[in-house]
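These notes concern the structure reproduced below.
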Amino acid sequence: MHPGNRIWRQPRAHRQLRWRNPKQHIVQRRGAEYTLATIAKHFACNLATGLPHLWEATVGPLRNNINVDDFDAKLLLEKGDDHAQELVSSLQVFEVTASSMDPSLHPVLLQHLPHLFTSLQHPYTSVRHMASRCVGVMSRITTMATMNGFLEKVLPWLSAIDDNTKQEGAIEALACVMEQLDVGIIPYIVLLVVPVLGRMSDQTDSVRFMATQCFATLIRLMPLEAS
C-alpha cells in the first residue's frame with residue numbers, strides 16, 4: 001500500500017477511540033461540574049477563604065477584564081482569542097459554583113452582577129453566551145436583586161436597534177433567565193411582553209428567532225399571571 005494511502009486505513013481501535021472522544025468530553029465535563037458543585041457545598045460559607053485560588057478563578061477574570069464604567073468592545077476584540085477564552089473558562093466555573101454556593105456568599109456574587117451585565121455586550125459570542133447563562137443562574141438564586149438590575153440595565157438594550165450585539169446579549173440573557181425561573185418569571189411577564197414583541201420583527205435573524213421563542217413562552221404563562 002502506498003504510504004500516502006495510510007490515512008484512509010487507520011486501525012480499528014484508533015477509529016473507535018476517535019469516535020468516542022465527544023462522549024468522553026461530555027463525561028469529563030459532567031465530572032468537573034459535579035466536583036466543583038461538591039466542593040462549593042463542602043466549603044459552604046468558607047469557600048472564598050478556604051479555596052482562594054478557586055474563588056479567584058471564579059470571579060477574578062470577570063472583575064479584572066470587564067470595565068463596567070468604561071466598556072471598550074474594540075479593546076476587548078484586540079486582546080484576541082486567549083483573553084476571551086480565559087473569560088469563558090471563568091464564567092463556566094462561575095455558573096457551576098454559584099448554583100451550589102452557600103446563601104451567605106450570594107451578596108458577594110451580587111457585587112459582580114454589573115460585570116455580568118456588561119459582559120452581555122462583549123464582542124465574542126461565546127462570552128455573551130456564558131454571561132447569559134450566569135445571569136440565568138443568578139436570577140434563580142437571587143431572584144429579586146438580579147431581576148431588578150436586569151429590568152433596569154439589560155432589558156432596554158432590546159430597543160438598541162443601532163447595536164445588534166447589545167440586542168443579542170439581552171435576548172439571550174432573557175432566554176436563560178426564563179429557563180431558570182420557569183413559572184417564577186410570571187410576576188415579570190407584564191414588563192417583558194411588549195419589549196420582546198418588538199423584537200419579533202427584528203432585522204437580525206438570531207434576535208428575531210430568540211424573541212419568538214421567548215414570546216411563545218410568555219404567552220403560554222400569561223393565563224397563570226392573570227390567576
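Sequence positions, counted from 1, serve as the residue numbers for this chain.
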Is any side-chain heavy atom of Ile171 less than 4.5 Å from a side-chain heavy atom of Cys214? yes

Look at the aromatic rings of His83 and His122 and report parallel, tilted or perpendicular, splitting at 30° and 60°. parallel

Can you tell me how far the CZ atom of Phe94 sits from the CG atom of Leu109, to the nearest 0.5 Å? 4.5 Å

Could you see if Met200 belongs to whatever hydrophobic cluster contains Leu155? Use Ile, Leu, Val, Met, Phe, Trp, Tyr and a side-chain cutoff under 4.5 Å. yes

Any chance you could lay out the salt bridge (Lys or Arg N to Asp or Glu O under 4.0 Å) test for Glu179 and Arg140, step after step, and finish with the verdict? CA-CA 10 Å; Glu179 180 181 5; Arg140 176 167 53 83; over 6 Å; no

Does Phe71 share a hydrophobic cluster with Met130, counting links as ILVMFWY side-chain heavy atoms below 4.5 Å and allowing steps through other members? yes

Counting only heavy atoms from other residues, nucleotides and ligands, does the tally under 6.0 Å from OH of Tyr34 exceed 12? no

Please test Thr97 against Ile39 for side-chain contact (heavy atoms from CB on, under 4.5 Å), starting from the C-alpha separation and ending with a verdict. CA-CA 8 Å; Thr97 55; Ile39 290 174; over 6 Å; no

Side chain to side chain, Asp163 and Gln167, heavy atoms closer than 4.5 Å: no

Any salt bridge between Glu168 and Arg128, counting N to O under 4.0 Å? yes

Going by the side chain to side chain contact (heavy atoms under 4.5 Å, CB included) test, name the single residue among Thr38, Val93, Val96 that passes it with Glu33. Val96

All heavy atoms of Asn164 vs all of Gln203, minimum pair found to be OD1-NE2, 4.3 Å

Report, as yes or no, whether the 6.0 Å neighbourhood of atom CG on Asp72 holds more than 12 heavy atoms from other residues, nucleotides or ligands. yes

Just by modelled atom types, is the Leu87 backbone N or O under 3.5 Å from a matching donor or acceptor in the Ser90 side chain? no

I'd like to know whether CD1 of Ile161 has more than 12 heavy-atom contacts from other residues, nucleotides or ligands below 6.0 angstrom. no

Using the rule given for side-chain hydrogen bond (donor to acceptor under 3.5 Å, both in side chains), can you reason through Glu95 versus Ser99, listing the C-alpha separation, both sets of side-chain angles and the distance that settles it, and then say yes or no? CA-CA 7 Å; Glu95 178 191 14; Ser99 300; over 6 Å; no

With rounding to the nearest 0.5 Å, note down the distance linking NE2 in His42 to OG1 in Thr35. 13.5 Å

Do Arg30 and Ile26 make a side-chain contact, defined as non-hydrogen atoms from C-beta onward lying under 4.5 Å apart? yes

Can you tell me how far CD of Gln213 sits from CE of Met178, rounded to the nearest 0.5 angstrom? 10.0 Å

Go through the structure and list residues passing side-chain contact (heavy atoms from CB on, under 4.5 Å) with Leu77, not counting sequence neighbours. Pro123, Tyr124

Verify the neighbour count for atom NZ of Lys41: are there more than 12 heavy atoms of other residues, nucleotides or ligands below 6.0 Å? no

Indicate the atoms forming the closest heavy-atom contact of Val127 with Ser119, along with that distance. CG1-O, 4.2 Å

Nearest 0.5 Å, please: how far is OG1 in Thr118 from CG in Leu76? 10.5 Å

Closest non-hydrogen atom pair, Arg199 against Asp202: NE-OD1, 2.8 Å

Do Ser206 and Glu172 come close enough that some side-chain heavy atom pair is under 4.5 Å? no

Quick one, Ile189 and Ile186 - any side-chain contact, counting heavy atoms below 4.5 Å? yes

To check you understand the geometry: which heavy-atom pair defines the closest contact between His106 and Ala98, and what is its length? NE2-O, 4.5 Å

Derivation of the side-chain contact (heavy atoms from CB on, under 4.5 Å) call for Met147 and Ile185: CA-CA 9 Å; Met147 289 306 297; Ile185 198 69; 4.1 Å; yes

Ignoring hydrogens and angles, tell me if any N or O in the side chain of His112 forms a donor-acceptor pair with the backbone of Val108 under 3.5 Å. yes

Hydrophobic clustering (ILVMFWY, side-chain heavy atoms < 4.5 Å, transitive) - are Leu224 and Val196 grouped together? yes

For a quick test of reading the model, state the closest non-hydrogen atom pair linking Val88 to Ser126 and the distance between them. CG2-OG, 3.7 Å

Distance col, row Leu113:CG vs Thr142:OG1, nearest 0.5 angstrom, shows 6.5 Å

According to a 4.5 Å side-chain heavy-atom criterion applied to Ile, Leu, Val, Met, Phe, Trp and Tyr, with indirect links allowed, do Phe209 and Ile219 form part of one hydrophobic cluster? yes

Output for pair (Leu158 CG, Leu197 CG), nearest 0.5 Å, gives 11.5 Å

Heavy-atom neighbours of Glu152 CD exceed 12 at 6.0 Å: no

Sub-4.5 Å side-chain heavy-atom contact between Thr146 and Val177: no

For Ser132 and Leu120, which heavy atoms make the closest approach, and how far apart are they? OG-CD2, 3.4 Å

Single-linkage hydrophobic cluster Met101~Met144, side-chain heavy atoms < 4.5 angstrom: no

Just so I know, are the side chains of Thr49 and Phe43 near enough to count as touching, which here means a heavy-atom distance under 4.5 Å? no

Are the side chain of Asn67 and the backbone N or O of Asp70 linked by a donor-acceptor pair below 3.5 Å? yes

So Leu181 and Thr143, do their side chains get closer than 4.5 Å, heavy atoms only? yes

